[in-house]
Q: 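Got a structure for you, written out below as structure tokens; questions coming shortly.
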Protein chains: 2
Amino acid sequence: MAEPNQSLPVDLFIDLDRSGPVPLYFQISSRIEQAIHDGTLPPGSRLENEVALGNRLGLSRPTIRRAIQELVDKGLLVRRRGIGTQVVHGKVSRGVELTSLYEDLERSGQKPDTRVLSTEIGEADERMAEELGVEVGSPVLHIKRLRSAGGVPIAILDNVLPADFTDIDLGDLSKHGLYQLLRARGVTMRVAKQRIGARDATAHEAGLLDIPKGSAVLTMSRTAFDNSGRAVEWGQHCYRPDLYSFEMTLVER
Amino acid sequence: MAEPNQSLPVDLFIDLDRSGPVPLYFQISSRIEQAIHDGTLPPGSRLENEVALGNRLGLSRPTIRRAIQELVDKGLLVRRRGIGTQVVHGKVSRGVELTSLYEDLERSGQKPDTRVLSTEIGEADERMAEELGVEVGSPVLHIKRLRSAGGVPIAILDNVLPADFTDIDLGDLSKHGLYQLLRARGVTMRVAKQRIGARDATAHEAGLLDIPKGSAVLTMSRTAFDNSGRAVEWGQHCYRPDLYSFEMTLVER
DNA sequence: GTAGACAATATGTCAGGACAATACAACCTA
DNA sequence: TAGGTTGTATTGTCCTGACATATTGTCTAC
């Protein structure tokens, strides 16, 4: 037999903080996720069933279900009715999230560095108006940056923001990520739509990224919306494909 | 003001089928999704609040919440406590799902065509063993295909499947997608991990895809797991970037 | 010995209620 | 008028309880 699916349900000792602001379901799911990552719950192992887990922790089944659902959505667990809940095989990896390249690099321990190529307050052309949901001709902030890590250029970032943000402090752009600046202004990105593709680099891009002219670049264009559903940012980025790629986990619903 | 957020809650007439096998929350979410797509619920409009919607439809609040949550996860709706639930701005587009290129093409009305380049039953090398979670040397089915649409080559597909599938009918491969064949065998893919990148095409790839040698290709490698968490398929694909790209919606949790 | 019926187990769906946290608007006060 | 306070609307979290449905294993009848 290839897989020891017979493994018994694993006990999880969880201290719950009922007074704090952290939801109970989140405390549970975090603890289980940690157990998966540190090997306490190896791939293929079965979780205790929802009812028993709830009884043991003094929680109701909906709370337990919600905690488990979080991890199912992340692709860490699989549920089968009549069977139980199991840990998915395969090494786990961070998925695509609503973060920026800057944060990606910071998290992976690299030191991001940004060179602002140009900033300009102009009028929205037809394409920008469509992407941002504003009227043609309305003021927009157009930013072009070159993002590096460890002195090596990684990506060319071309972003357009609607009128509300034309007063952004451009000096901060070289020290912080765009998403950090937006969040510091109280903007919370909730939904984004993006498209990932590839094409040959232009001569200008090849020069900036320090790659041979005409070689491949990975492209991503994204429109992000805040929690009122309004478009906050439209970006067209191109990445050095040997230094960056997109990783994600898909879950069938 | 750019956005008329004042719009009143929109009424939805929904016939519920309580006897059928379709869950109530799914009937609700489908109906709302349809209303969004056909313009009954325009971007920015507000939904009735959860309690009122539940009362009017004779459903409990958890059921309504679940229906709405489905659409929030899809990136169609945004919830704000104290405010209500609104339709997201921006045109809606299909996200990355656990489907195959074949199904993508079929759905978009194109006629997919597959040329099987080679099939081979061999032994798993180290990389394959790692990706599929099997032992080195165990039998695997290695398939290489060229996928076209309308006579134009779109992608080179290189797939490896574990021992259980070595008896797959290779003749079907030119008529159906790999995922279709797997599903027909009762295999249900539940989770997949994939990485999207880019690189320069090799001379061989350029020839197959009918593009200039050394120009960019879009690459995707994916490992799919069935509902028991076992690896079912590992694929390394490369696409003509002018004919294919990946589109997705990200939702902050 | 095999096939079908049945029991045990686990998740899936749904109801109804309670209180907390947040955002906004209206109001009142300085 | 400006500023803070209060009130109201709405989603967020959590509880209890019930029944439906899918899967597996066991027991029985033939």
Side-chain angles (χ1 to χ4, degrees), chain A residues 5-6 8-10 14 16-30 45-73 77-87 186-188 190 226-229 252-253, chain B residues 5-6 8-9 14 16-30 45-73 77-87 186 188 190 226-229 252-253:
Chain A
N5 267 356
Q6 330 292 2
L8 294 173
V10 177
I14 304 184
L16 294 173
D17 172 18
R18 299 189 87 102
S19 60
V22 181
L24 293 173
Y25 73 86
F26 189 82
Q27 295 182 43
I28 305 290
S29 68
S30 301
S45 61
R46 271 187 30 218
L47 254 65
E48 255 183 288
N49 76 64
E50 297 170 349
V51 181
L53 199 55
N55 288 337
R56 193 157 60 73
L57 296 174
L59 293 173
S60 69
R61 197 179 153 212
T63 304
I64 301 292
R65 268 185 78 74
R66 172 139 188 205
I68 292 177
Q69 188 61 46
E70 297 274 317
L71 300 178
V72 170
D73 289 342
L77 296 178
V78 172
R79 296 208 251 222
R80 279 185 294 169
R81 94 164 58 168
I83 305 294
T85 304
Q86 284 178 298
V87 180
V187 178
T188 56
R190 287 290 278 275
D226 70 4
N227 51 17
S228 79
E252 182 84 0
R253 302 194 157 269
Chain B
N5 265 356
Q6 331 293 1
L8 294 174
I14 303 183
L16 294 173
D17 172 19
R18 299 189 88 101
S19 59
V22 181
L24 294 173
Y25 72 85
F26 189 82
Q27 296 181 42
I28 305 290
S29 67
S30 301
S45 62
R46 272 186 33 216
L47 255 64
E48 254 184 289
N49 76 65
E50 298 171 347
V51 181
L53 199 54
N55 288 338
R56 194 157 59 76
L57 297 173
L59 293 173
S60 69
R61 193 178 155 212
T63 303
I64 301 293
R65 270 187 75 75
R66 171 135 191 207
I68 292 177
Q69 189 60 45
E70 297 275 316
L71 300 178
V72 170
D73 289 342
L77 296 179
V78 173
R79 292 210 256 223
R80 280 188 293 170
R81 108 165 45 171
I83 305 295
T85 305
Q86 284 179 295
V87 180
T188 55
R190 286 291 277 275
D226 69 4
N227 51 18
S228 80
E252 181 84 2
R253 298 194 161 273

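Note on naming: letters A, B, ... go to the chains in the order of the sequence lines (proteins, then strands), and numbering restarts at 1 for each one.
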Q: Are B:Asp17 and B:Val22 packed together at the side-chain level, in the sense that at least one heavy-atom pair is separated by less than 4.5 angstrom?
A: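 No, every pair of side-chain atoms sits at 4.5 Å or beyond.
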Q: Would you kindly give the CD-to-C1' distance between B:Gln86 and D:dA9, to the nearest whole Å?
A: 14 Å
Q: Quick one: do A:Leu16 and A:Leu59 satisfy side-chain contact (heavy atoms from CB on, under 4.5 Å)? Show the steps, please.
A: CA-CA 10 Å; A:Leu16 294 173; A:Leu59 293 173; 3.8 Å; yes
Q: Under 4.0 angstrom, heavy atoms only, what part of the nucleic acid is B:Thr63 near: base, sugar-phosphate, or nothing?
A: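 Sugar-phosphate contact only - B:Thr63 comes under 4.0 Å of backbone atoms but never of a base.
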Q: Given side chains that start at C-beta, do those of A:Ile28 and A:Ser30 come closer than 4.5 Å, heavy atoms only?
A: no
Q: Decide yes or no for B:Leu57 and B:Thr63: does some side-chain heavy atom of the first lie under 4.5 Å from some side-chain heavy atom of the second?
A: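 Not in contact.
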Q: Going by side chain to side chain donor-acceptor pair (under 3.5 Å), name the residues that satisfy it together with B:Arg79, two or more places apart in sequence or in a different chain.
A: B:Glu50, B:Gln69
Q: If you look at every strand shown and take non-hydrogen atoms under 4.0 Å, does B:Gly54 touch a base, only sugar-phosphate, or nothing?
A: nothing
Q: Quick one: A:Gln27 CD to D:dT13 C1', roughly how many Å, whole number?
A: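 The distance from CD of A:Gln27 to C1' of D:dT13 comes to 12 Å, rounded to the nearest Å.
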Q: Tell me: CZ of A:Arg18 to P of D:dG12, nearest whole Å?
A: 20 Å
Q: For nucleotides 4-13 of chain C, read 5' to 3', which letter fits each nucleotide if B means a protein heavy atom sits under 4.0 Å from the base, S means only the sugar-phosphate is that close, and - means neither?
A: -----BBBBB
Q: If an axis is fit to five pairs at each end of the helix from C:dG1-D:dC30 to C:dA30-D:dT1, what is the angle between the two, to the nearest 10°?
A: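 Computed from the C1' atoms at both ends, the axes differ by 0°.
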Q: With a 4.5 Å heavy-atom cut-off, do A:Val78 and A:Val72 have their side chains touching?
A: no
Q: Using atom CD of A:Glu70 as one end and atom C1' of D:dT13 as the other, report the distance to the nearest whole Å.
A: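 Value for this atom pair: 12 Å.
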